[in-house]
Peer 1: 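If you scroll down you'll find the structure; I have some questions about it.
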Amino acid sequence: MFLYNITLQRATGITHAIHGNFSGTKMQEIVVSRGKILELLRPDANTGKVHTLLTVEVFGIVRSLMAFRLTGGTKDYIVVGSDSGRIVILEYHPSKNMFEKIHQETFGKSGCRRIVPGQFLAVDPKGRAVMIGAIEKQKLVYILNRDAAARLTISSPLEAHKANTLVYHVVGVDVGFENPMFACLEMDYEEADNDPTGEAAANTQQTLTFYELDLGLNHVVRKYSEALEEHGNFLITVPGGSDGPSGVLICSENYITYKNFGDQPDIRCPIPRRRNDLDDPERGMIFVCSATHKTKTMFFFLAQTEQGDIFKVTLETDEEMVTEIRLKYFDTIPVATAMCVLKTGFLFVASEFGNHYLYQIAHLGDDDDEPEFSSAMPLEEGDTFFFQPRPLKNLVLVDEQENLSPIMACQIADLANEDTPQLYVACGRGPRSTMRVLRHGLEVSEMAVSELPGNPNAVWTVRRHVEDEFDAYIIVSFVNATLVLSIGETVEEVTDSGFLGTTPTLSCSLLGEDALVQVYPDGIRHIRADKRVNEWKTPGKKTIVRCAVNQRQVVIALTGGELVYFEMDPSGQLNEYTERKEMSADVVCMSLANVPPGEQRSRFLAVGLVDNTVRIISLDPSDCLQPLSMQALPAQPESLCIVEMGGVEKQDELGEKGTIGFLYLNIGLQNGVLLRTVLDPVTGDLSDTRTRYLGSRPVKLFRVRMQGQEAVLAMSSRSWLSYSYQSRFHLTPLSYETLEYASGFASEQCPEGIVAISTNTLRILALEKLGAVFNQVAFPLQCTPRKFVIHQETNNLILIESDHNAYTEATKAQRKQQMAEEMVEAAGEDERELAAEMAAAFLNENLPEAIFGSPKAGAGQWASIVRLINPIQGSTLDQVQLEQNEAAFSVAVCRFTNSGDDWYVLVGVARDMILNPRSVAGGFIYTYRLTGGGEKLEFVHKTPVEDVPLAIAPFQGRALVGIGKLLRIYDMGKKKLLRKCENKVRGCQTYKTKVIMFESSSL
């Protein structure tokens, strides 16, 4: 077998998002599709954090996604339209944590074809039928029902095809319990196809068509069709039946229109625009996505424009007839592909580019002084309303999900000198672009760091009572003392805990229900809840060298390899087993598993010996302290840890839920290797050993809890976490400094944390992003990054950014000044002073473009930046703004043999480029010298060229440049680059003395 590829980082961009009660409980969940991945997310109603419950590869492209619920049901199902030529209905099973395929009906060929359904999905709001449509011609309707056993059934497909018809959007119309109806935005191109003059194509109108599923006759009829004045881009279903007036809202360029059957007149309202906007005034405005929120008493829609402004849309009715549409500015957030309003008061936003967000809806925008716009307000045709954008008022950001989409450029290098290379990724679009540094490892949140009076050697946490949710004490052991810290509002030292403070501690634990045990070199201290203390002292001059402790058992190893076993009896007394076990060599490490629920003891003890072996010893009363199995090791063991992992939920006879997993013995070796071996729960045999090299130091192992399950923290020169997540094992490094000892930690602020020591500090850490392979740091950029190169001497990055349909900063300032002057000139004599104040406020206003978007300048307008970045701090060392309408396409850093040791940055720029139809006024190669230790860009000259320089690469002390269809070699000159030779190709890379060329598709 050969490795074909391995996915390091799953897709992070979201193409579809739906919400509902998929687990059948009252919990609100979100299902998102990330290209070929389906993911179930659950926002925590208390903390606002979004947790991933399940991630599934579908091995295809998810083209559409809808949720539906059968009438009277409590659970939502998921309908998936994909490139498989099938409709698939999924149900989520919380007990198995999986999506189960309820139905899979084949209707066409596989692949994203224009006449094979899958692109559009629409569901009857009462859950009785689903329509799946293609881009052209074909639409199929499936009837959904229940059988006698309340299982979901699906009918044979009913056809609703119409030839020569393009579909733009499909929704289910809410008609209560009348025959299910679907609304489609369509366009008939038959006449346009048959008219060679092109006149019919110019006059073709879009139509709104209603399809009715007659449940009695079991077929679909085309009930009603109406031509539209404006070209619509999507539809919004209006609640019907007893909840509202029914019908649809059509979102089109500059307008939102309400339509329904019968006597209902069309209600049309213009989309408000930003006041004093720098955008091209002739440019149309459209809504790009929406979310509906419905309760028993009211409903409203949140609709977002392509600038990111959200409007709250409400309908005024009079005896079930809609009389007006009302729009009110709600807030501005990054442009989304999908929005979900949850019943828990959250708004989930799947961003088109950049990170995804979860907002808390703090206000519904009813009581503020924001103006409300209505379709009833008189306006001239073509006029619209104006509003003033502002920072968030009704929404509060509570969580953020990282999103790399789209990745424009990526390089792998160890610029931070961390031994493990980092990924440097330029991603995003426009003002939301970022330069991200990805490091392999889990992100660690540092909750607290405090200095200790010396260098500790171990740390533990214990609870006061077995049913306590949170830990009560942190016990820190030093070379000659033990420090006990109480966990409360603050962490402070206590002296009345019953622990012996004048000796180092080897281990401690909660024993039984409410007792504590402390193992120290000279004995065992059993501390009862009423502070009574029982002590067991070591015999003679022997001391305890190693120990293993759980909730009911204590095993100690004395000098000379003697094992002594203690077990707690029903009265809470710790009793020594009558016999002792002499080991054949000195004991170097030991481990006991936790006591399984409902059992008296853990059956196995693992002992690591100095002779490079691990032995499994029985603790069962029938064969207590008898050896069961042995495994030889390639090096001396340093640490052992028995954990139960990979559990599945099971229900016992009493109905109590629990997890049943597999026992694994983790063995940390002194040579930095971790072994994981399956431990047979019946015989104690060891099998299926897996090996992983973790680092240069001996591996220490610690049992912690992650997402309610046991996990292992392994510490070498780097710390690693071995855990089970979504039914898969993960072994991932922590992106944190070296730690020496750790223990699980649970408090109100940090329910699943880790307390660890590093040199003389005590640290409380939290790992929140389980399942992630990389953690990332993002540095904001101004325009879309195109390419970047690394300067090898300083490890700095030289990045080019360029945006089409954009203004440079200088042009923006000029436009603002011009508009401010026009405002003052347009005012009358009486209003001149007020207009001057408004103009000054307008000039001082500076809304962040990363949220509010950048102004759209129109086709053929370009803005470009050359940026020099320090990738460690993320700081911009220097940046050069190119002139308006100059588009940067290529960059290289090189030395010229005729120019000494100076480094030069070459930037390929196109002038006045129009993308469609393609035209360009020529181009330039800008040459900059790196000065100031590689931290400054000094302009040298610019070389005119006749086409777009799409690729530049250093080559044998000169520069190789791809200009249109030509490949040229340039050398450095005093006033411009000097052309040496040329050949006809496009695209290039160099390797030593070879040139690798490739064709790129024309722009």
Side-chain angles (χ1 to χ4, degrees), residues 5-13 353-354 402-429 432-441 733 735 772-802 864-879 888-895 903-908 928 930 934-935 937 949-955 959-962 987-992 994-998 1000:
N5 68 28
I6 181 167
T7 303
L8 295 177
Q9 168 79 56
R10 280 197 291 256
T12 50
F353 305 106
E402 286 160 341
N403 175 21
L404 297 173
S405 172
I407 293 175
M408 305 300 291
C410 174
Q411 293 203 39
I412 301 169
D414 184 15
L415 304 184
N417 295 321
E418 293 173 355
D419 294 338
T420 309
Q422 305 90 50
L423 270 78
Y424 293 87
V425 184
C427 50
R429 195 183 80 168
R432 297 201 67 217
S433 303
T434 50
M435 185 77 204
R436 303 196 186 206
V437 184
L438 274 62
R439 290 178 171 85
H440 180 222
S735 287
V773 180
F774 296 101
N775 72 83
Q776 47 186 272
V777 186
F779 310 122
L781 303 174
Q782 210 169 318
C783 301
T784 307
R786 301 293 172 179
K787 289 177 184 172
F788 69 92
V789 288
I790 298 166
H791 181 223
Q792 300 296 343
E793 283 193 2
T794 59
N795 283 352
N796 291 334
L797 307 180
I798 298 107
L799 176 80
I800 53 168
E801 307 165 36
S802 63
S864 295
I865 295 170
V866 182
R867 192 186 296 268
L868 186 60
I869 300 178
N870 177 325
I872 314 303
Q873 275 87 39
S875 54
T876 298
L877 304 171
D878 196 13
Q879 74 175 52
F889 277 99
S890 54
V891 64
V893 61
C894 50
R895 270 182 172 151
W903 284 96
Y904 292 90
V905 175
L906 304 185
V907 180
Y928 300 92
L930 280 171
E935 296 190 354
L937 291 168
L950 284 173
I952 305 176
F955 182 65
L960 196 60
V961 187
C988 63
Q989 286 182 359
T990 63
Y991 179 71
K992 293 187 181 171
K994 295 185 177 67
V995 182
I996 302 160
M997 287 155 291
F998 53 91
S1000 67

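Start at 1 with the first residue, then count along the sequence.
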Peer 1: Quick check: closest heavy atoms across Ala409 and Lys787, and the distance to 0.1 Å?
Peer 2: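 Of all heavy-atom pairs spanning Ala409 and Lys787, the closest is CB-CA, 4.2 Å.
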Peer 1: Given 3.5 Å as the limit, does a donor-acceptor pair link the side chain of Ser433 with the main chain of Cys783, or not?
Peer 2: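 Indeed, once roles are kept as given, a pair shorter than 3.5 Å links the two residues.
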Peer 1: Side chains of Arg867 and Thr876 only: does a donor on one sit below 3.5 Å from an acceptor on the other?
Peer 2: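 Distance-only check passes for Arg867 and Thr876.
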Peer 1: Which value, rounded to the nearest 0.5 Å, describes the distance between Trp903 atom CH2 and Gln792 atom CD?
Peer 2: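 Going from CH2 on Trp903 over to CD on Gln792, the span is 7.0 Å.
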Peer 1: Closest heavy-atom contact between Pro785 and Met408?
Peer 2: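 Result for this residue pair: O-CB, 3.1 Å.
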Peer 1: If only side-chain N and O atoms count, and only distance matters, is there a donor-acceptor pair under 3.5 Å linking Arg429 with Thr784?
Peer 2: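 There is no such pair between these side chains.
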Peer 1: For Pro871 and Phe779, which heavy atoms make the closest approach, and how far apart are they?
Peer 2: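 Closest approach of Pro871 to Phe779: O-CE1, 3.6 Å.
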Peer 1: If we only count heavy atoms from C-beta on, is the Val905 to Val789 side-chain gap below 4.5 Å?
Peer 2: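 Heavy-atom side-chain distance check fails, nothing below 4.5 Å.
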Peer 1: Please tabulate, one pair per line, all N/O donor-acceptor pairs under 3.5 Å involving side-chain atoms of residues 6-13, not counting sequence neighbours.
Peer 2:
residue	atom	partner	partner atom	Å
Thr12	OG1	Asn403	OD1	3.1
Thr12	OG1	Leu404	N	2.8

Peer 1: Return the CZ to SG distance between Phe353 and Cys427, rounded to the nearest 0.5 Å.
Peer 2: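 These two atoms lie 12.0 Å from each other.
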Peer 1: Taking side chain as C-beta onward, heavy atoms only, is Val773 less than 4.5 Å from His440?
Peer 2: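 Sidechains of His440 and Val773: in contact.
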Peer 1: How far apart are the C-alpha atoms of Val425 and Leu438, what are their side-chain angles, what is the distance that settles it, and do they pass the side chain to side chain contact (heavy atoms under 4.5 Å, CB included) test?
Peer 2: CA-CA 8 Å; Val425 184; Leu438 274 62; 4.1 Å; yes
Peer 1: Which value, rounded to the nearest 0.5 Å, describes the distance between Gln776 atom CD and Glu402 atom CD?
Peer 2: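 Between Gln776 CD and Glu402 CD, I get 3.5 Å after rounding to 0.5 Å.
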Peer 1: Are any of the side-chain heavy atoms of Glu418 and Arg439 separated by less than 4.5 Å?
Peer 2: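 Of all side-chain heavy-atom pairs linking Arg439 with Glu418, at least one is under 4.5 Å.
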Peer 1: Show your working on side chain to side chain contact (heavy atoms under 4.5 Å, CB included) between Phe788 and Val891 and close with a plain yes or no.
Peer 2: CA-CA 7 Å; Phe788 69 92; Val891 64; 5.7 Å; no
Peer 1: From Leu930 CG over to Tyr928 OH, what is the distance, rounded to the nearest 0.5 angstrom?
Peer 2: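 Going from the CG atom of Leu930 to the OH atom of Tyr928 covers 11.5 Å.
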Peer 1: Looking only at side chains, do Glu935 and Asn796 share a donor and an acceptor under 3.5 Å apart?
Peer 2: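 Short answer, no.
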Peer 1: Decide yes or no for Leu877 and Ile869: does some side-chain heavy atom of the first lie under 4.5 Å from some side-chain heavy atom of the second?
Peer 2: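 Contact flag for Leu877/Ile869 side chains = no.
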Peer 1: Short question: side chain of Gln411, backbone of Leu423 - any donor-acceptor pair under 3.5 Å?
Peer 2: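 Pair absent, no side-chain N/O of Gln411 close to backbone of Leu423.
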Peer 1: Which atoms form the tightest heavy-atom contact between Phe889 and Ile800, and what is the distance?
Peer 2: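 Phe889 and Ile800 have their closest heavy atoms at C-CD1, 3.6 Å.
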Peer 1: Nearest 0.5 angstrom please: Leu950 CG to Ser890 OG, how far?
Peer 2: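 One gets 7.0 Å once the value is rounded to the nearest 0.5 Å.
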Peer 1: Could you tell me whether the side chain of Ile798 reaches within less than 4.5 Å of the side chain of Val866, counting heavy atoms only?
Peer 2: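 Counting from C-beta outward, Val866 and Ile798 do come under 4.5 Å.
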Peer 1: Rounded to the nearest 0.5 Å, what separates atom CD in Glu801 from atom CG in Leu781?
Peer 2: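 Taking CD in Glu801 and CG in Leu781, the distance rounds to 4.5 Å.
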Peer 1: For a quick test of reading the model, state the closest non-hydrogen atom pair linking Ser864 to Ala888 and the distance between them.
Peer 2: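 Distance-wise, the nearest heavy atoms are OG-N, 3.0 Å.
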Peer 1: Under the salt bridge (Lys or Arg N to Asp or Glu O under 4.0 Å) rule, what pairs show up with a residue in residues 870-879, not counting sequence neighbours?
Peer 2: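 Sorted result for residues 870-879: empty, none.
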Peer 1: Any idea which heavy atoms bring Ile790 and Val893 closest together, and the distance?
Peer 2: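 Minimum heavy-atom contact is O-CG1, 3.7 Å.
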Peer 1: Could you work out, with salt bridge (charged side-chain N to carboxylate O under 4.0 Å, His left out) as the rule, every residue matching Glu793, not counting sequence neighbours?
Peer 2: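 Glu793 satisfies salt bridge (charged side-chain N to carboxylate O under 4.0 Å, His left out) with Arg895 once adjacent residues are dropped.
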Peer 1: Please check if any side-chain donor atom of Asn870 sits under 3.5 Å from a side-chain acceptor atom of Ser875, or the reverse.
Peer 2: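 No - no donor-acceptor pair under 3.5 Å links their side chains.
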